[in-house]
2 protein chains.
Amino acid sequence: MTDIDTDNSPIPERKRGSGVKMVYDLLRDEILDLVLPPGSPIDEVQLAERLKMSRTPIREALVRLAGEGLIDTLPNRSTMVANIDFLNLNPFFDALVLMYRVTTRLAAQNHRPEDLPIIRGFHEDYAAAVQSRDALAMIATNAAFHAAIAEAGRNPYFTSLFRRLLDEGRRILRLYYQSYEEQFPQRFVDEHAEIIAAITARDVEAADRLGKAHAEQIVEQVQKLFARNNKLDIAL
Amino acid sequence: MTDIDTDNSPIPERKRGSGVKMVYDLLRDEILDLVLPPGSPIDEVQLAERLKMSRTPIREALVRLAGEGLIDTLPNRSTMVANIDFLNLNPFFDALVLMYRVTTRLAAQNHRPEDLPIIRGFHEDYAAAVQSRDALAMIATNAAFHAAIAEAGRNPYFTSLFRRLLDEGRRILRLYYQSYEEQFPQRFVDEHAEIIAAITARDVEAADRLGKAHAEQIVEQVQKLFARNNKLDIAL
DNA sequence: TGTATTTTATTTGTCGACAAGAAAAATACA
DNA sequence: TGTATTTTTCTTGTCGACAAATAAAATACA
């Protein structure tokens, strides 16, 4: 391979301060989309020459990702994409269900008029994804829908934890939907509509109940997927 | 002032990799103890020469702290200690109460024998702090006590959020106990004892109930403090 | 041939330096 | 004297380089 520039990039200019964000967003997407599967090593120098920047901004992005639990850093040694503890997902499910509940409830309590169109927008995106049987789009739009509800609840502590859980959920589901072309049923679309109605009506109790039921539905579906997969694993 | 070294430090050697952690721990303590009050500017170069290290490890520590919400970073401009929104502490209180409940409940469910001595240890520390009427020690040991309970609950998602809330609580209380020599009542010690009993007996419902009641007691006490303080503010 | 020790190589943590942005100060102009 | 514009100062974001720590390879030895 000759050493001639294959891409003579005409605009290597980058706005000052955009470096870390660029690396952070890129790595985050690649991790959540499983382009970088759990356990993948992350090489700083390699990234540096790929993105044509120094190691400094890359390191800062890695520190942020480590803070969010998306990568693990071994001192003085390699850093790699965080693993998922498939043997015990209970803590994850527990936290997920509770955050579904509490964010839906708070949205019913605290939402403002301008929040509703945003939520409805994601709701329609999700319905479209179900219609076109696009499993990966379902995962993404479902997460966006519930994140928007959490925002309307206006509790930054819950929102940030919920975001982290939804991210982790994206990884988990993506890992399974890769091998098994499954899909969220139409039922979830209807449940989303009910949730929106409860929030709009400021019916706190209904929102709480629907959020909980919805979350448990999802958890149940995921666990069913797992059970089937585990059987297959054993069979192998 | 002459430029002669006032401290000719004989051991400027520092272990490799300990730099970031040192800065992180130092700043975190100073922020939580209000040595650096909310809004304080943080100067990288100043810190660098104070701790006699380069700006690089300091920046990484700052990125971590920003990730935990303890400092705010304005792009291309100064970074400062995060402010506290005293006008609306409700989101904080909501999250705090819920985490008190859920961690206590999970501790009753999931604790292991080796967790109990640790919890009891912090309980005794707290009792001692109440005995000696040391308000700041009460704040710290109370946080440690509940963090230990959260650890015993074995849900890292809840634990990390709870830790963040307890940290924030330390800042809030410290701000008030500075001006008003208040103290947590003996009642809290008794409640702690009840909580330990419920956890030990693996009585999940009782743990949940006690955790909730305890949390609401604390919130109420803090709100009382605030109300009094606000009256004084208006009077000024 | 298998294990222990030394040597090499790779990767990380830290450093000092430089330039871009923004704020503050200084100057020009009305 | 008050406002607009330029200059200066200060802080941050990024860079390339070097040294410590670890892993891998090579060598010595049984």
Side-chain angles (χ1 to χ4, degrees), chain A residues 3 5 9-28 30-31 36 39-67 69-83, chain B residues 3 5 9-28 30-31 36 38-83:
Chain A
D3 216 319
D5 266 5
S9 46
I11 311 149
E13 300 176 36
R14 211 175 346 103
K15 274 163 210 157
R16 179 190 171 85
S18 72
V20 273
K21 186 172 162 43
M22 168 171 294
V23 183
Y24 171 81
D25 288 339
L26 175 73
L27 283 182
R28 186 171 174 281
E30 291 193 350
I31 291 172
L36 295 174
S40 303
I42 295 179
D43 185 7
E44 294 176 8
V45 283
Q46 194 175 318
L47 263 172
E49 53 195 36
R50 178 148 81 94
L51 302 179
K52 281 162 189 165
M53 60 173 67
S54 145
R55 274 176 52 225
T56 312
I58 287 169
R59 288 194 117 244
E60 290 196 6
L62 292 181
V63 172
R64 282 187 57 185
L65 289 167
L70 288 178
I71 65 175
D72 287 332
T73 309
L74 286 304
N76 269 320
R77 258 184 268 165
S78 71
T79 138
M80 51 193 232
V81 178
N83 278 103
Chain B
D3 216 319
D5 266 4
S9 45
I11 310 151
E13 299 176 37
R14 211 173 346 101
K15 274 163 209 157
R16 177 192 172 84
S18 71
V20 273
K21 187 173 161 41
M22 167 171 294
V23 183
Y24 172 80
D25 288 338
L26 175 73
L27 282 182
R28 187 171 174 280
E30 291 194 350
I31 291 172
L36 295 175
S40 304
I42 295 180
D43 186 5
E44 295 177 8
V45 283
Q46 194 176 319
L47 263 172
E49 53 195 36
R50 177 147 81 97
L51 302 178
K52 283 165 188 165
M53 59 173 69
S54 144
R55 273 176 51 223
T56 313
I58 287 169
R59 288 195 118 243
E60 291 197 6
L62 291 181
V63 171
R64 282 186 58 186
L65 290 167
E68 294 168 25
L70 288 178
I71 64 174
D72 287 333
T73 308
L74 285 304
N76 268 322
R77 259 183 269 165
S78 71
T79 139
M80 51 193 234
V81 178
N83 278 103

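Below, chain A is the first sequence line, B the second, and so on; all start at residue 1.
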Please state how far atom CE in B:Met80 lies from atom P in D:dT12, giving the value in whole angstrom units.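 For the pair B:Met80 CE and D:dT12 P, the rounded distance is 13 Å.
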
Could you give the CG-to-P distance, from B:Leu62 to D:dT12, as a whole number of Å?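 For the pair B:Leu62 CG and D:dT12 P, the rounded distance is 9 Å.
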
Return the CG to OG distance between A:Asp25 and A:Ser18, rounded to the nearest 0.5 Å.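 So the CG of A:Asp25 and the OG of A:Ser18 are separated by 10.5 Å.
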
Once you round to the nearest 0.5 Å, how far does CG of B:Leu36 lie from CD1 of B:Ile71?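 Interatomic distance, B:Leu36 CG to B:Ile71 CD1, rounded to 0.5 Å: 10.5 Å.
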
Quick one: are A:Asn83 and A:Asp72 in side-chain contact, heavy atoms under 4.5 Å?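 No - every pair of side-chain heavy atoms lies 4.5 Å or more apart.
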
So which one's nearest nucleotide on DNA chain C is more toward 5', A:Val45 or A:Arg16?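 The 5'-side residue here is A:Val45.
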
Hey, does B:Glu44 reach any base, or is it just sugar-phosphate, or nothing, if we go heavy atoms under 4.0 Å?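 Sugar-phosphate, no base atom in range.
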
From CG (B:Leu51) to CD (B:Gln46), nearest 0.5 Å: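 Between B:Leu51 CG and B:Gln46 CD, I get 10.5 Å after rounding to 0.5 Å.
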
Is there any protein nitrogen or oxygen under 3.5 Å from a nitrogen or oxygen in nucleotides 23-25 of chain C, and what are the pairs?
unit_1: C:dA23; atom_1: OP1; unit_2: B:Arg77; atom_2: NE; d: 2.7
unit_1: C:dA23; atom_1: OP1; unit_2: B:Arg77; atom_2: NH1; d: 2.9

Rounded to the nearest 0.5 Å, what's the gap from CZ on B:Arg64 to CG on B:Leu27? Could you check?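 Result: 11.5 Å between the selected atoms.
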
Could you tell me the Watson-Crick or G-U partner of D:dC29, where both distances fall under 3.5 Å? Say none if there is no partner.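 By the stated definition (distances under 3.5 Å), C:dG2 pairs with D:dC29.
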
Tell me, do A:Glu60 and A:Val63 make a side-chain contact under 4.5 Å, heavy atoms counted?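 Sidechains of A:Val63 and A:Glu60: no contact.
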
What integer distance in Å separates A:Arg55:CZ from D:dA19:C1'?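 Rounded to the whole Å, the gap is 12 Å.
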
Between P of C:dA22 and NZ of A:Lys15, the distance in whole Å: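 A:Lys15 atom NZ is separated from C:dA22 atom P by 12 Å.
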
Under 4.0 Å, counting only non-hydrogen atoms across every strand here, what does B:Ser18 touch: a base, just sugar-phosphate, or nothing?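 If one applies the 4.0 Å heavy-atom cut-off, B:Ser18 turns out to touch the sugar-phosphate alone, with no base involved.
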
Please compare A:Asn76 and A:Glu60 by the position of their nearest nucleotide in DNA chain D and report the one closer to 5'.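 Upstream on the strand: A:Glu60.
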
G-U wobble or Watson-Crick pairing nucleotide for C:dA23 (cut-off 3.5 Å, both distances):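 When the pairing criteria are applied, D:dT8 turns out to be the nucleotide that pairs with C:dA23.
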
Counting only Watson-Crick or G-U wobble pairs whose two distances fall under 3.5 Å, which nucleotide matches C:dT12?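 Answer to the pairing question: D:dA19, which forms a Watson-Crick or G-U pair with C:dT12.
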
If you only use heavy atoms from C-beta on, which nucleotide in D:dT11, C:dT14, D:dG16 is closest to the side chain of A:Thr56?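 For the A:Thr56 side chain, the nearest candidate turns out to be D:dG16.
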
What is the distance from CG of A:Leu74 to C1' of D:dA23, rounded to the nearest Å?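 From A:Leu74 CG to D:dA23 C1': 13 Å.
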
Residue pair B:Glu44 / B:Ile58: nearest heavy atoms and the distance that separates them: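 Heavy atoms of B:Glu44 and B:Ile58 come nearest at O-CD1, 4.0 Å.
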
So B:Ile42, base contact, sugar-phosphate only, or nothing? Heavy-atom distance under 4.0 Å.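 Counting heavy atoms under 4.0 Å across all strands, the contact made by B:Ile42 is with sugar-phosphate only.
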
